[in-house]
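Contents: one structure, followed by commentary.
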Amino acid sequence: MINAIIVCEGQIEEYFVNRVLGPPLAVRDIFVQPRLIATSKRASGGALNEQRVLRFLRNTLRERRDIYVTTFFDLYALPSNFPGLSEATAQADPLDRSAAIEAGFHARVIQEVGCRQDRFLPHIQPYEFESLLFSDIAQFAKVQSAWKGFIGQLKAIRQSVSSPEHINDGHDTHPSARLRHLRPPYKKVRHGQAISSRIGLDRIRAECRHFDKWLTRMESLPPLRQIE
């Protein structure tokens, strides 16, 4: 049995881990638990910054030695001082940039915590969670019938890039910004839940290579009790 904590950026990632990602992994005897980083006494999720993230990961990794820890953070709008970000700026492709950030992020966390390197496997999603929803545009209209008139525009966005994870990160062109024009408006948690559940994990993995690589790594993890 494998146990992993997935530190999520926000509520939609938390839902996705619980309802879309978790059940197929559980069939493989991999059990994941989402967690949000507290930003105040009453709020959790979002507002990532270097100090808050490192502190939370340090505490989480030190709770137990027999559990893995990973992350589910957006590449879009990472703070400028995020570990590994400055080293990744030369990478033009968002998948390569995310991988470079993950490498620097991993090194920084291991240095801070002093745990075994294999227990932390960071994931940075290019460019954000909503990129995954572009894996199957048809599901938008099934969730909200009023969006049928926008399906052609959404398909054009998807067809303009090599994968959903390449929908770019400009202020007005990152994936969720592309959905702002929908009427009624796209609501991140409510609509993100419904659309991702309809698409399903298999289709998302087939369309989103960096996301699939993350899950493939988790599926290949050995039980920690066997390698202590």
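Met218 and Ile30 make their closest contact through O-CD1, 3.6 Å (heavy atoms, listed as atom of the first residue, atom of the second, distance). Smallest separation of non-hydrogen atoms from Ser131 and Pro126: OG-O, 3.1 Å. Considering all non-hydrogen atoms of both residues, Arg28 and Glu219 come closest at NE-OE2, 3.5 Å. Taking both residues in full, the closest heavy atoms of Ile12 and Gln193 are given as CD1-N, 3.4 Å, listed atom of the first, atom of the second, then distance. Nearest heavy-atom pair across Tyr186 and Leu179 is CB-O, 3.7 Å. Minimum heavy-atom separation, Leu54 to Pro83: CD2-CG, 4.3 Å.
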Report all side-chain donor-acceptor pairs from residues 14-27 shorter than 3.5 Å, counting only partners two or more places apart or in another chain.
{"unit_1": "Tyr15", "atom_1": "OH", "unit_2": "Ser197", "atom_2": "OG", "d": "2.8"}
{"unit_1": "Asn18", "atom_1": "ND2", "unit_2": "Glu14", "atom_2": "O", "d": "3.4"}

Solution key, residues 132-141 side-chain donor-acceptor pairs under 3.5 Å, sequence neighbours excluded:
{"unit_1": "Ser135", "atom_1": "OG", "unit_2": "Leu132", "atom_2": "O", "d": "2.8"}
{"unit_1": "Asp136", "atom_1": "OD1", "unit_2": "Ala138", "atom_2": "N", "d": "3.4"}
{"unit_1": "Asp136", "atom_1": "OD2", "unit_2": "Gln139", "atom_2": "NE2", "d": "3.1"}

For residues 153-162, run the donor-acceptor check on the side chains, cut-off 3.5 Å, and write out each pair with its distance to 0.1 Å, sequence neighbours left out.
{"unit_1": "Gln153", "atom_1": "OE1", "unit_2": "His181", "atom_2": "NE2", "d": "3.3"}
{"unit_1": "Arg158", "atom_1": "NH1", "unit_2": "Val161", "atom_2": "O", "d": "3.1"}
{"unit_1": "Arg158", "atom_1": "NH2", "unit_2": "Glu207", "atom_2": "OE1", "d": "2.9"}
{"unit_1": "Ser160", "atom_1": "OG", "unit_2": "Ile157", "atom_2": "O", "d": "2.6"}
{"unit_1": "Ser162", "atom_1": "OG", "unit_2": "His166", "atom_2": "ND1", "d": "3.3"}

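The backbone N or O of Ala92 lies less than 3.5 Å from a partner atom in the side chain of Arg97, making a donor-acceptor pair. When atom types are taken as modelled, the side chain of Arg209 and the backbone of Ala206 share no donor-acceptor pair closer than 3.5 angstrom. Between the His106 side chain and the Leu121 main chain, no donor and acceptor come within less than 3.5 Å of each other.
Taking 4.5 Å as the limit, some side-chain heavy atom of Val7 sits within range of a side-chain heavy atom of Leu57. By the 4.5 Å heavy-atom criterion applied to side chains, Arg62 and Arg58 are counted as neighbours. Within the 4.5 Å cutoff, the side chain of His174 has no heavy atoms near those of the Ile167 side chain. By the 4.5 Å heavy-atom criterion applied to side chains, Tyr68 and Leu61 are not counted as neighbours. Using a 4.5 Å cut-off on side-chain heavy atoms (C-beta onward), Ile124 and Phe82 make contact. Side-chain contact between Ile5 and Thr70: absent, with no pair of heavy atoms (C-beta onward) separated by less than 4.5 Å. For the pair Ile101/Gln91, no side-chain contact is recorded, criterion being any heavy-atom separation below 4.5 Å from C-beta on. Under the 4.5 Å side-chain criterion, counting only non-hydrogen atoms from C-beta, Arg52 is in contact with Asn49.
When each of Ile67, Val69, Val113 is tested with Thr60 by the rule side-chain contact (heavy atoms from CB on, under 4.5 Å), just one qualifies, namely Val69.
Glu165 and Gln125 are linked by a side-chain donor-acceptor pair at a separation below 3.5 angstrom, with hydrogens and angles left out of the test. Checked by atom type, the side-chain pair Thr173/His171 shows no donor-acceptor distance below 3.5 Å.
Rounding to the nearest 0.5 Å places CD of Glu13 at 11.0 Å from CD1 of Ile6.
When the side chain to side chain contact (heavy atoms under 4.5 Å, CB included) test is applied to Gln144, the partners found at least two apart in sequence or on another chain are Ala146, Trp147, Pro184, His191. With sequence neighbours excluded, no residue forms a ring-ring contact (aromatic ring centres under 6.0 Å, His included) with Phe73.
Using cut-offs of 30° and 60° on the angle between ring planes, the pair Phe72 and Phe211 is tilted.
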Set out, in order, the CA-CA distance, both residues' side-chain angles and the distance that settles side chain to side chain contact (heavy atoms under 4.5 Å, CB included) for Glu102 and His210, then state yes or no.
CA-CA 12 Å; Glu102 290 164 359; His210 191 74; 2.7 Å; yes
After noting the C-alpha distance and the side-chain angles of Leu221 and Asp118, does the key distance pass the side chain to side chain contact (heavy atoms under 4.5 Å, CB included) rule?
CA-CA 9 Å; Leu221 293 172; Asp118 56 347; over 6 Å; no
Go through Phe129 and Ser176 one step at a time and tell me if the side chain to side chain contact (heavy atoms under 4.5 Å, CB included) criterion holds.
CA-CA 8 Å; Phe129 172 81; Ser176 62; over 6 Å; no
Hey, mind stepping through His123 and Lys213 against side chain to side chain contact (heavy atoms under 4.5 Å, CB included) and telling me if it holds?
CA-CA 10 Å; His123 173 66; Lys213 185 177 179 180; over 6 Å; no
Please test Glu112 against Arg55 for salt bridge (charged side-chain N to carboxylate O under 4.0 Å, His left out), starting from the C-alpha separation and ending with a verdict.
CA-CA 9 Å; Glu112 289 280 330; Arg55 179 173 61 248; over 6 Å; no
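Other residues sharing a hydrophobic cluster with Met1 under the 4.5 Å side-chain heavy-atom criterion for ILVMFWY residues are Phe31.
Neither Leu95 nor Trp214 shares a network with the other; the hydrophobic side chains, linked directly or stepwise wherever heavy atoms of I, L, V, M, F, W or Y lie under 4.5 Å apart, form separate groups for each.
In this structure, Glu9 does not pair ionically with Lys188, as no charged nitrogen and carboxylate oxygen lie closer than 4.0 Å. Under 4.0 Å is where a charged nitrogen must lie from a carboxylate oxygen, and between Arg35 and Glu63 at least one such pair does.
For Asp202, the CG atom sits in a loose shell: 12 or fewer heavy atoms of surrounding residues, nucleotides or ligands are nearer than 6.0 Å.
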